[in-house]
Structures are given as structure tokens and as C-alpha cells.
2 protein chains.
Amino acid sequence: MSKCEQCIVRQLNSLKSLNKDELIRISSCKTSKTIKKGEVIFEEGDHINGVFCISDGICKVSKMSSNGRDQIIHLAKKGAILGERSLISDEAANLKATAINDMEVCFIPREEIIKDLEKNPGFSMNVLKDLARSLKNVDNVLVDMAQKTVKQRLAEMLLNLEIKFGHNSENVLNIHLSREDIANIIGTATESAIRLLSEFKKEKIILLKGKNISLIDTAKLKKIAQGF
Amino acid sequence: MSKCEQCIVRQLNSLKSLNKDELIRISSCKTSKTIKKGEVIFEEGDHINGVFCISDGICKVSKMSSNGRDQIIHLAKKGAILGERSLISDEAANLKATAINDMEVCFIPREEIIKDLEKNPGFSMNVLKDLARSLKNVDNVLVDMAQKTVKQRLAEMLLNLEIKFGHNSENVLNIHLSREDIANIIGTATESAIRLLSEFKKEKIILLKGKNISLIDTAKLKKIAQGF
DNA sequence: TGTAAAAACTGACAATTATCATATTATAAA
DNA sequence: TTTATAATATGATAATTGTCAGTTTTTACA
């Protein structure tokens, strides 16, 4: 099993502020696992008792609404840490995490993280910053969800996917989402999402080939996202 | 000016974990001010350089959407701290805070809070818990906003107002919101909010007298909120 | 107290979005 | 490959919500 001290992934998150001794201690008690596409990492209500550090792959973090539909709150990629909030509140998970493609994650038990939070102010400051960043982000998503039309939100989401995941040499976004996932990100019915994607395609704003999406006219997308 | 050491409000928030010396230091550099109903405490983009501790009154915390409508993210009452997120991220405010009735707030400069965050692990743990609580809350609001109808959201909001602000001896909610504010909380047009409130009134679920709202049939409201 | 301005309300209609039904295409398993 | 299954797509329609226009009521203040 690879060692935390040598893992470059931790440079991407709050673990980067841990010193060598702390990393060695964490390394000795962490567990790595492979998660297949579609598998659930944790569910709402689970007592996860630790955090997951994503070393590879992408997962969706979602919550079931009382009317039975799943809302995707965000997408987590390599370097992201899952379960931080539950760990701090010492509560069961409020969200569900599901792999969108094959993943590699490390699990670090709760006590180890708590130790470092208490002893290493730099680390707890970084965790604070992580939460602050998440909070700002959800606030912004909330405003869009409340005030923008489905079409605006779809345009916005496509632009965000481009920023977060980029595209390959053929301009295809480096993330493959089902139409249902797309609908669950922007908070609409699957049919509506499909219809709007087709509309964007017809207007040559994007290119669609199965789950491959290419943004052609990002300027137009930006305009749509802002309501023009 | 009253002293932090003797202030009972701090028992309601993360400042409760500060010791006497820390409180005396903060007390000596804090400033208190009265804010009139309708006045803005800070705006999006302001460099607030500190946090506000609400000792009395209620304010709305909102963000302007790119289509020009204000979305209220949450309501803050006595004991709440404003500006924590911006302080931690060391960024300009992402949100705007506006008094919805006359308020008393104390302002504590950034450096003082930072000092305590670095030195007092109990305090930084409490701030972490504050942010974690906020994060969980917005996540839940986001799901409702994305998946529920306006009617469901209105019912939900009324129940939340009851929980957070309670009611007086005549069963009138202890918070007075304009119809526009109500609309901006649930993310709809003012007219739609008014129409649904009238509908609830006609069905004897609530009582309306100007800005006075009384919940009559909370069981029914709960059913509506869950989509029945 | 009177009056102007703002807030609350109502109606009519248009636009958006959801739902249901069904067809087509892609994917995975035998 | 063949076939079953799931995912995607499209049409028709209903329900929800927004917009605009105008009225009534309330509030603030001279």
C-alpha cells in the first residue's frame, strides 16, 4: 500500500499542512480501496467515522429529497476529501456519495484526523478554509437554483464542468454523466434536461455524441447562463 | 459600552469557548452599534475585516442573482455571527446582510479573531462546527429549492419560521417579513408568494393580518411540505 | 389629519416545466 | 451475435409559475 508521505494527492487538499510524523502516523492506519463505477461510498445516515481522500476518479455527492428524487450537490474529484462535515459535527452523513467512474480512495479513521485538528493549527485552519470554500460554493449554487431557469442552469453547469474537469484533445469534456445525473445536478426532470441539451445541440452551442459533450460556443453559453 | 465577559449572547455562539482573558481583550477592541430596520450591515464585495455578533434583532443574509433578484440565504437572529466565512477565506463578503428590524450588533476586528483561532483549539473547533452546521443547512435548503414546488417550499418555510422564531401569546410568529422577503426566501415571484399565502389562508391553514402570520394547521403544512 | 408612496393583492395571460406515453438507440449479458 | 434491458429521445398535454397591468390597502411623513 502506498504511503501518505509520498502521495501527491494530499497536496490538493487540507492534508498538505500535516508534517512528516503526522503523515506517517496517518499512513499506518489508513486503508485504500477501489470503488467500481456506480458503487456507493457512503449513504445518508451512515456513521462514516472518518474521511475519504479521493486519489482517483469522480463521484457525485447527493441527497434524496422527500419527494423521492436525488439532488446532486456537487461532484468530487481527485484530491477532494469526503466526510469532513460529518466528522466535525460528529453526526451521521447527511449526503450520499456514489462513484461516477472507477475510483481509488483512502479512508482515514476519525480519531486520527481529530488528533491533528487539536494539535496542528495549520491543519485546522486549512479544514476551516475547506468548509468556507464549500459554503460559498453552495450559497452560489443555491441562488442559481432559486432564481435561474432550467436553461440558464444547464448552461451554467456545462461551463462549470469545463472549468472543473476540462476537455481532452478532441474538445470532449473529461466527465461522462448520464442524462439523469445532469438533470439531478440542475434540479429538473430528465426529459427536460434531454430536451434542452438537444436544443443546445441544434443551435450548435454544444456537440453531443452519447455521453461525450463538447462545448462549441462558450460565449453563447455564458450569455444564456446570465439570462440573455 | 457593555463588556463581552458579561454578555450572555456569546453563550449562543462559538465565542463561548473563549476564556476570560481573551474576552477582555476582545471587549476592549470591539465596537457596538445600533442598526435601524432596513439598513445594510455589509454588502457583497465589502471587505468587512471582522465579524459581527448579533446581540439583538434579526437580519436577512442574501445574494443578488445575475438576473437581478435577491435570494435570501438565511435569517440571522440574536447570537448569530456574521462574516465568519469571509474572515476565514480572507475574501470580500459574498453575501449582503440587511436588518429586518432594529438591531444591536458588535463588531470584532479580524486580527482578534484570528489570534484566538490560532491559539485556542476549542474556539477553532467551535468555529468549525458553526461552519459545518451552516453547510448542512444550506445543503438541505438547496435540495428543497431544486426539487420542491413553490407551494411545498412556502409550507416548509412557515414551519421553519415557527421553529426558529416561535410565536407570541396570540400565536403570531415572532418575525415580520414583507411579502417580497418571503418570496425571496422561497425563490419565487412576489405575486406567487402572495397568491399561495392567500390560498393557505382560505384553506384555514394559516391566519394573516398584515405581516402577522399565525400557523393554525401545522400538520397540514407538514403534509404540504412533503408533497401531499 | 391628509396625502403621497409603497406594499399588498387580484386577474389575465404567457412562458416554463413536469408528466405520461411511446419510440428509438445504446449497452450489457447470455 | 442475439436478445433483453436500460438509457435516450420526442410528442402531446397538463400543471406550475412568471409577467404585466391595474386595484386596493397600508404606511410614512409633511
Side-chain angles (χ1 to χ4, degrees), chain A residues 36-39 60 65-71 98 100-102 144-157 176-203 206-213 224-225 227-228, chain B residues 36-39 60 65-71 98 100-102 144-157 176-203 206-213 224-225 227-228:
Chain A
K36 288 255 166 61
K37 175 180 172 174
E39 277 181 22
K60 54 182 176 185
S65 154
S66 65
N67 66 12
R69 263 216 311 250
D70 223 32
Q71 176 63 32
T98 314
I100 276 189
N101 51 30
D102 293 350
D144 287 346
M145 201 62 82
Q147 302 283 2
K148 293 190 171 177
T149 64
V150 176
K151 191 193 266 195
Q152 286 181 285
R153 302 202 300 264
L154 178 62
E156 184 101 46
M157 187 212 69
H176 285 174
L177 294 167
S178 68
R179 301 296 192 258
E180 190 182 359
D181 281 343
I182 291 176
N184 290 346
I185 292 172
I186 61 178
T188 191
T190 307
E191 296 95 323
S192 299
I194 290 173
R195 252 182 266 274
L196 287 169
L197 282 170
S198 304
E199 193 184 316
F200 285 177
K201 181 185 176 182
K202 203 180 291 170
E203 293 175 15
I206 62 172
L207 221 76
L208 290 175
K209 213 173 242 175
K211 290 191 173 57
N212 286 350
I213 301 178
I224 292 171
F228 301 109
Chain B
K36 288 255 166 62
K37 176 179 172 176
E39 277 181 21
K60 56 182 176 184
S65 154
S66 66
N67 65 13
R69 264 217 310 252
D70 223 33
Q71 176 63 31
T98 314
I100 68 172
N101 51 28
D102 292 349
D144 287 346
M145 200 64 80
Q147 302 283 1
K148 293 190 170 177
T149 64
V150 176
K151 191 193 265 195
Q152 287 180 285
R153 303 203 297 268
L154 179 61
E156 185 101 46
M157 188 210 69
H176 285 174
L177 294 167
S178 68
R179 300 297 192 260
E180 190 181 0
D181 281 343
I182 292 176
N184 290 347
I185 291 171
I186 61 179
T188 190
T190 307
E191 296 94 322
S192 299
I194 290 173
R195 254 182 264 274
L196 287 169
L197 282 171
S198 305
E199 193 183 316
F200 285 177
K201 180 185 176 182
K202 204 179 291 172
E203 293 175 16
I206 62 172
L207 219 75
L208 290 175
K209 212 172 244 176
K211 289 190 173 59
N212 285 350
I213 302 179
I224 292 172
F228 301 109

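Sequence lines set the chain letters: A, B, ... in the order given, protein chains first and strands last, and positions in each chain run from 1. Hydrogens, waters and symmetry mates play no part in the numbers below; they use all other heavy atoms, side chains included. Just so you know, these numbers come straight off a predicted model, no measurement behind them.
The CG atom of B/Leu208 sits 15 Å away from the C1' atom of C/dT10 (whole-angstrom rounding). For the pair B/Ile194 CD1 and C/dG11 P, the computed distance is 13 Å after rounding to whole Å. The distance from atom NZ of B/Lys151 to atom P of D/dA15 is 13 Å, rounded to the nearest whole Å. Going from atom CZ of B/Phe200 over to atom P of C/dA8 covers 18 Å, rounded to whole Å. Between the CD atom of B/Glu180 and the C1' atom of D/dT26 there is a distance of 16 Å, given to the nearest Å. Atom CG of A/Asn184 and atom P of C/dA18 are 11 Å apart (whole Å). With rounding to whole Å, A/Asn67 atom CG is found 17 Å from C/dT17 atom P. Regarding B/Ile186, its CD1 atom lies at a distance of 13 Å from the C1' atom of D/dG18, rounded to whole Å.
The distance from atom CG of A/Asp144 to atom CD of A/Gln152, rounded to the nearest 0.5 Å, is 8.0 Å. The CE atom of A/Met145 lies 9.5 Å from the CE atom of B/Met145; values are rounded to the nearest 0.5 Å.
Ranking D/dT16, C/dT19, C/dT10 by closeness to the A/Arg195 side chain, first place goes to C/dT19. For A/Ser178, counting side-chain heavy atoms from C-beta on, the closest listed nucleotide (C/dT19, C/dA12, D/dT8) is D/dT8. Closest to the B/Val150 side chain, of the nucleotides D/dT17, C/dA18, D/dA9, is D/dT17. Among the nucleotides D/dT16, D/dT8, D/dG18, the one closest to any side-chain atom of B/Ser192 is D/dG18. For A/Ser198, the side-chain atoms get nearest to D/dT10 when compared with the rest of D/dT10, D/dG18, C/dT19.
Donor-acceptor pairing under 3.5 Å, judged by distance alone, is present between the side chain of A/Glu191 and the base of C/dC20.
Minimum interatomic distance between B/Ala193 and B/Arg179 (heavy atoms only, all atoms of both residues): CB-O, 4.3 Å. Contact between B/Ala225 and B/Lys148 at its shortest, heavy atoms only, is O-NZ, 3.0 Å.
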Interface polar pairs with nucleotides 25-30 of chain C, N/O, under 3.5 angstrom:
none

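A/Thr188 comes within 4.0 angstrom of the backbone, heavy atoms only, and of no base. The residue B/Arg69 sits close only to the backbone: its heavy atoms come under 4.0 Å of sugar-phosphate atoms, none of a base.
Using a 4.5 Å cut-off on side-chain heavy atoms (C-beta onward), A/Ile224 and A/Lys151 make contact. Side chains of A/Lys37 and A/His176 form no contact here, defined as non-hydrogen atoms less than 4.5 Å apart. Residues B/Ile213 and B/Leu208 have side chains in contact (heavy-atom distance under 4.5 Å, counting atoms from C-beta outward). Using a 4.5 Å heavy-atom cutoff, the side chains of B/Ile182 and B/Leu154 are in contact. Side-chain contact check for A/Ile185 versus A/Leu177: some heavy-atom pair is nearer than 4.5 Å.
Direction of the helix axis in the helix from C/dT1-D/dA30 to C/dA30-D/dT1 shifts by 50° between the two five-pair termini, rounded to 10°.
With B/Lys60 as reference, B/Asp181 is the one residue of B/Asp181, B/Asn184, B/Thr98 to meet the side-chain hydrogen bond (donor to acceptor under 3.5 Å, both in side chains) rule.
If A/Ala146 and A/Lys201 are placed on DNA chain D by their nearest nucleotide, the residue sitting closer to the 5' end is A/Lys201.
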